[in-house]
Undergrad: 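Have a look at this one.
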Amino acid sequence: MLNVKNLKTGYGKKLIIDDVSLQVKTGEIVALIGHNGAGKSTILKSIIGVLPRWGGEILFEEQLLPSSSSKNVKKGISLIPQGSQVFDELTVYENLEISSFILKDKKIIKQRFEEVFQEFPLLEERKRLSAGKLSGGEQQVLALGMALIHRPKLLLMDEPSLGLAPTTVKQVFTLIKKINQKYNMSILIVEQKVKEALYLANRAYVLRLGKVALEGQAKDMLESGSYKKIFLS
């Protein structure tokens, strides 16, 4: 579904990502892990189109992706940024409405809202509450609900565990797995909680200084501990 080939990009004149290639197959969860500053979030920004590419190419369903986030959202790609970043001043319901803006069929919009409230009863209970009054875990659930309204083919997630308590992290990861399996949604997840990410994912890429230092089956990385050498280096 997603094929990143020899990607180069950065900020200003500073090269951050140097010749990175990775793939995400249909229905697959792929983890992108590495030290802080390795370039993980930069890759997500380049895929969605908010950061220009200096070299290489990104293909989605065998077609070149433009450097335009609005066009890429319409193609079926969504990004849940770091810290979920919901609209604090708007209600839960209004946040969900914003995610439905690209859907034109009112029947489909109604159906999606029903599905989201069925999957996440908490959101229906608090739909008239300002999103800013939700806890960090509840805001992450809202961010997942917003993604489900849009129903992307590919969901990019940037550190969904950030700032959450361990028990809440487990709940959020369970919801991510549920969405992946029920809707066959492909997910590329950037995560600092390495073991949790590897338990969740089918495959993983380990980034070091803007390059892929290791790739393979997530289960194999866990069992062998091969990823630890990169984190210790």
Side-chain angles (χ1 to χ4, degrees), residues 1-83 85 102 147 150-160 162 176 180 184-194 197-198 200-218 220-221 226-227 229-231 233:
M1 174 172 284
L2 177 73
N3 193 0
V4 178
K5 297 182 178 181
N6 308 114
L7 177 65
K8 291 178 182 286
T9 189
Y11 304 95
K13 294 182 179 181
K14 186 176 181 180
L15 181 68
I16 302 295
I17 298 301
D18 187 11
D19 202 32
V20 165
S21 296
L22 61 85
Q23 292 183 337
V24 180
K25 300 174 184 176
T26 302
E28 187 179 44
I29 299 179
V30 174
L32 192 54
I33 58 178
H35 288 297
N36 285 331
K40 306 182 298 298
S41 298
T42 301
I43 291 175
L44 297 190
K45 291 175 182 177
S46 190
I47 293 170
I48 196 66
V50 298
L51 190 65
R53 298 144 203 165
W54 298 357
E57 58 185 20
I58 301 176
L59 291 90
F60 180 67
E61 295 183 324
E62 299 183 353
Q63 294 185 348
L64 283 171
L65 278 182
S67 289
S68 167
S69 56
S70 60
K71 290 180 180 179
N72 291 335
V73 167
K74 290 178 181 179
K75 286 179 178 291
I77 304 174
S78 283
L79 169 66
I80 297 180
Q82 196 177 92
Q85 294 187 12
I102 65 169
H150 176 207
R151 192 72 62 76
K153 298 174 184 178
L154 174 65
L155 179 60
L156 310 175
M157 305 190 74
D158 195 353
E159 295 198 41
L162 185 67
I176 293 170
N180 162 254
N184 199 37
M185 190 180 294
S186 303
I187 298 174
L188 177 60
I189 181 170
V190 163
E191 184 52 63
Q192 282 295 322
K193 294 189 181 298
V194 175
L198 292 177
L200 176 71
N202 302 105
R203 292 187 304 108
Y205 293 84
V206 185
L207 237 62
R208 185 175 184 275
L209 301 176
K211 293 179 177 288
V212 174
L214 180 68
E215 63 179 280
Q217 296 295 315
D220 293 342
M221 287 190 191
S226 55
Y227 66 93
K229 297 178 182 178
I230 296 165
F231 278 82
S233 62

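For reference, positions follow the sequence shown, starting with 1.
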Undergrad: Could you tell me whether the side chain of Ser186 and the main chain of Lys25 form a donor-acceptor pair under 3.5 Å?
TA: yes
Undergrad: How many angstroms lie between CD1 in Ile187 and CD1 in Ile80, if you round to the nearest 0.5 Å?
TA: 8.5 Å
Undergrad: Between His150 (side chain only) and Val73 (backbone N and O only), is there a donor and an acceptor less than 3.5 Å apart?
TA: yes
Undergrad: Roughly how far, to the nearest 0.5 Å, is NZ of Lys75 from CG of Leu65?
TA: 6.5 Å
Undergrad: Quick test of your reading of the model: are Lys153 and Glu61 salt-bridged, counting only N-O distances below 4.0 Å?
TA: yes
Undergrad: Which pair of heavy atoms, one from Arg53 and one from Ile47, lies closest together, and at what distance?
TA: NH2-O, 3.5 Å
Undergrad: Is there a side-chain contact between Ser21 and Leu7 (heavy atoms, below 4.5 Å)?
TA: no
Undergrad: How far apart are the closest heavy atoms of Leu155 and Ala147, and which atoms are they?
TA: CD1-CB, 3.8 Å
Undergrad: With rounding to the nearest 0.5 Å, note down the distance linking CD1 in Ile77 to CG in Leu156.
TA: 6.5 Å
Undergrad: Under 3.5 Å, is there a donor-acceptor pair between the side chain of Asn6 and the main chain of Asp19?
TA: no
Undergrad: Under the side chain to side chain contact (heavy atoms under 4.5 Å, CB included) rule, collect the residues that match up with Lys71, sequence neighbours excluded.
TA: Pro66, Ser68
Undergrad: Set out, in order, the CA-CA distance, both residues' side-chain angles and the distance that settles side chain to side chain contact (heavy atoms under 4.5 Å, CB included) for Tyr205 and Leu214, then state yes or no.
TA: CA-CA 6 Å; Tyr205 293 84; Leu214 180 68; over 6 Å; no
Undergrad: Test side chain to side chain contact (heavy atoms under 4.5 Å, CB included) on Met221 and Val206; report intermediate values, then the result.
TA: CA-CA 10 Å; Met221 287 190 191; Val206 185; 4.1 Å; yes
Undergrad: Identify the two heavy atoms, one from Met185 and one from Asn180, that lie closest to each other, and give their separation to 0.1 Å.
TA: O-ND2, 2.8 Å
Undergrad: My understanding is that only one of Gln23, Glu28, Gln217 makes a side chain to side chain donor-acceptor pair (under 3.5 Å) with Arg203; could you say which?
TA: Glu28
Undergrad: With a 4.5 Å cut-off on side-chain heavy atoms, are Leu154 and Val24 touching?
TA: yes
Undergrad: Checking Ser78 side chain against Pro152 main chain: does a donor-acceptor pair fall under 3.5 Å?
TA: no
Undergrad: Give, for atom CZ of Phe60 and atom CG of Leu2, the distance between the pair rounded to the nearest 0.5 Å.
TA: 7.5 Å
Undergrad: Measure the NZ-CD1 distance between Lys40 and Ile189 for me, rounded to the nearest 0.5 Å.
TA: 12.0 Å
Undergrad: Ignoring hydrogens and angles, tell me if any N or O in the side chain of Asn202 forms a donor-acceptor pair with the backbone of Ile29 under 3.5 Å.
TA: yes
Undergrad: Which atom names give the shortest non-hydrogen contact between Ser67 and Pro52, and what distance separates them?
TA: OG-CA, 4.3 Å
Undergrad: Return the NE2 to CG distance between His35 and Leu207, rounded to the nearest 0.5 Å.
TA: 11.0 Å
Undergrad: Of Ile43, Val212, Ile58, which meets side-chain contact (heavy atoms from CB on, under 4.5 Å) against Leu22?
TA: Ile43
Undergrad: Here's a test for you: under side-chain contact (heavy atoms from CB on, under 4.5 Å), which of Leu79, Val190, Ile176 qualifies with Met157?
TA: Ile176
Undergrad: Quick one: side chain to side chain contact (heavy atoms under 4.5 Å, CB included) partners of Thr42, sequence neighbours excluded?
TA: Thr9, Tyr11, Ile16, Ile17, Leu51
